[in-house]
Visitor: 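Below you'll find the structure I mean.
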2 protein chains.
Amino acid sequence: MSSAATTFCYAYPHPAVTTDVVLFTISDEQLQLLLIRRGRDPFAGQWALPGGFLDIDEDLDRCAERELEEETGVSGLYLEQLYTFGKTGRDPRERVISVAYFALAPSERIRLRAGDDAADAAWFPLTDLPQLAFDHAEIIRTAHQRLVAKLDYSTIAFQFLPETFTLAELQRLYEILVDAPIDKRNFRRWALALGQLEETGELHRRGSHRPARVYRLSDRERVTYLK
Amino acid sequence: MSSAATTFCYAYPHPAVTTDVVLFTISDEQLQLLLIRRGRDPFAGQWALPGGFLDIDEDLDRCAERELEEETGVSGLYLEQLYTFGKTGRDPRERVISVAYFALAPSERIRLRAGDDAADAAWFPLTDLPQLAFDHAEIIRTAHQRLVAKLDYSTIAFQFLPETFTLAELQRLYEILVDAPIDKRNFRRWALALGQLEETGELHRRGSHRPARVYRLSDRERVTYLK
DNA sequence: TCAAAAGTGTTTGCTATACACCCATGA
DNA sequence: TCATGGGTGTATAGCAAACACTTTTGA
């Protein structure tokens, strides 16, 4: 960032290290992810994952967290290391090792930051992505696979939920993620049996029909592994 | 390695990148892993995972493969990226990001290379490890967790098998890994139902009892995911 | 009173587990 | 013929999947 004339020298060549974050959310009844339009070369004007260079005295996780905060203004999102991408030639400037993370956000929590470093930031449906810079298409594929795999054996999807929600909303969330209808009675039995939902006592009145009970997660931070 | 007076300079500080490999095998009826005694500082004389610095024009996977070959003399082992460890201060010399891999070897395939770069190399039972350099104890913990998790939903354990084997040997392998006895009939039904074993036609005569049928994997490379 | 979504149990098939005896061999 | 490990089937319980009607509300 600072272009002082200082340089940093080593006895043998060092790669640069970055973190890139695949931030998923559900909005508009679709799985979407956050992309940034690049302001400068390489790939100026193209869309890319939010990310950037690791500070030399900064932990990897913290770097990913920071990138996420810079783009979204939100902290405390679910964030997990995904995979490290390091093929030679993946960045035309120099050798770059990218430690990729994936993150999940409840949709309404995020109001994208205007302006900032990145020229532009926007949500894209996973099914309709623009052309991407670097090997970011591959990183996204890997992240999506991981997300889908984890649906089966963890409660990770609950990280998409707002503070409070109804069982119908939870079910709809899962239907979007697995892209298939789910049986209502089986789903509700499963969800309640997890023992992680508690009723708020409120009722959600929406239209001319029976109101829905409102739930919250008993431990918002916790992602449990099933079976 | 070459201590020419050349230096490599950058406009901002770069961390070093290494790969470290957790190589498991089964031998002596125990899960064991390969450690190297460090020849030089830091941690000279202490045991550590095999690993080393990434060459600037070398792919990450290739780097891990190379380290493995250098230590064991064997190539073509099962090798998978595990996790990237990058806490500040994990190496006292400079900032080092380590991309850890885990690898599995059939026991008899490995004759450790004498001498070489590393002062010494040896197998240690997971249950009886020496003090370890850097954060390698944590890396090993992570690798072991991953191995155990994968037993449940993949055929990864087959990578521990020699070219040919009997069902009793396969069962014994699993019993060691899960550290519990397994029902013989259920196990054999499960193993054969996978459709990945083929009889060689040979019989294994060992002692004064009925000889065992000998099997091989129908596709040695393939690790399948169950369910 | 009607339309619309919320809420609720039971039956059925499948998969995982428990369990005990005969077989083939070498000594 | 005996000791040793190799090889085989069936019954049962627990879980996942299929399936339809009643309740509550606002208009």
Side-chain angles (χ1 to χ4, degrees), chain A residues 26 29 148-155 157 161-162 164-216 224-227, chain B residues 26 29 148-155 157 161-162 164-216 224-227:
Chain A
I26 304 277
E29 303 263 296
V148 169
K150 284 209 154 186
L151 289 182
D152 267 1
Y153 64 91
S154 79
T155 56
L161 293 170
T164 63
F165 51 88
T166 67
L167 289 184
E169 286 164 354
L170 178 58
Q171 178 173 346
R172 185 73 198 112
L173 167 61
Y174 267 89
E175 288 177 333
I176 291 166
L177 289 169
V178 303
D179 193 28
I182 298 176
D183 179 82
K184 182 161 49 154
R185 282 169 292 185
N186 290 338
F187 182 81
R188 294 162 86 90
R189 185 185 314 119
W190 171 81
L192 294 172
L194 290 173
Q196 305 195 21
L197 305 183
E198 52 188 36
E199 291 190 43
T200 63
E202 282 143 52
L203 290 178
H204 196 231
R205 297 167 190 279
R206 262 291 169 85
S208 57
H209 54 81
R210 183 170 176 174
R213 295 184 199 168
V214 175
Y215 292 83
R216 79 164 69 80
T224 47
Y225 292 82
L226 315 172
K227 255 197 152 186
Chain B
I26 304 278
E29 303 264 296
V148 169
K150 284 208 154 187
L151 289 181
D152 267 1
Y153 64 90
S154 80
T155 56
L161 292 169
T164 62
F165 51 90
T166 67
L167 288 184
E169 286 164 353
L170 178 57
Q171 179 174 344
R172 186 71 197 114
L173 167 61
Y174 268 88
E175 287 178 332
I176 292 166
L177 288 170
V178 303
D179 194 27
I182 298 175
D183 180 82
K184 182 161 49 156
R185 281 169 293 188
N186 291 339
F187 181 81
R188 294 163 86 91
R189 185 186 313 120
W190 171 82
L192 293 171
L194 289 173
Q196 304 195 23
L197 305 184
E198 52 187 37
E199 291 189 44
T200 63
E202 281 144 53
L203 290 179
H204 197 231
R205 294 167 193 281
R206 265 286 170 88
S208 57
H209 54 80
R210 182 171 176 173
R213 295 185 199 168
V214 176
Y215 292 83
R216 79 164 66 81
T224 48
Y225 292 81
L226 314 171
K227 254 196 152 184

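Throughout, protein chains are lettered first and strands after them, A, B, ... in sequence-line order, and every chain is numbered starting at 1. Because the structure is a prediction, the values reported are computed rather than measured.
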Visitor: Between protein and nucleotides 19-27 of chain D, map the contacts as a letter string: B base, S sugar-phosphate only, - none, heavy atoms under 4.0 Å, written 5' to 3'.
Guide: BB--BBBB-

Visitor: Mind calculating the distance between CZ (B/R206) and P (D/dG7) to the nearest angstrom?
Guide: 14 Å

Visitor: Show me the pairs that pass salt bridge (Lys or Arg N to Asp or Glu O under 4.0 Å) and involve residues 201-213 of chain B, at least two apart or across chains.
Guide: B/E199-B/R213

Visitor: A/E169: what forms a salt bridge (Lys or Arg N to Asp or Glu O under 4.0 Å) with it, not counting sequence neighbours?
Guide: none

Visitor: Taking only residues two or more places apart in sequence, or in another chain, which ones meet A/S154 in a side chain to side chain donor-acceptor pair (under 3.5 Å)?
Guide: none

Visitor: Suppose we screen for ring-ring contact (aromatic ring centres under 6.0 Å, His included). Which residues come up paired with B/F187, at least two apart in sequence or across chains?
Guide: B/Y174, B/W190

Visitor: Given atom CG of B/L192 and atom C1' of D/dG6, what is their separation to the nearest angstrom?
Guide: 13 Å

Visitor: Could you tell me whether the side chain of A/T164 and the main chain of A/V214 form a donor-acceptor pair under 3.5 Å?
Guide: no

Visitor: Which nucleotide span of DNA chain C, 5' end to 3' end, has atoms closer than 4.0 Å to non-hydrogen atoms of chain B?
Guide: C/dT17 to C/dG26

Visitor: Could you pull out all residues at least two apart from B/E29 that satisfy side chain to side chain donor-acceptor pair (under 3.5 Å)?
Guide: B/R172

Visitor: Under the rule for side chain to side chain donor-acceptor pair (under 3.5 Å), what residues qualify as partners of B/T224, not counting sequence neighbours?
Guide: B/T155, B/Q196

Visitor: Mind checking A/R213 for me? I need base, sugar-phosphate or nothing, with any heavy atom below 4.0 Å counting as a touch.
Guide: sugar-phosphate

Visitor: Hey, could you give me each pair passing salt bridge (Lys or Arg N to Asp or Glu O under 4.0 Å) that has a residue in residues 179-194 of chain B? Not counting sequence neighbours.
Guide: none

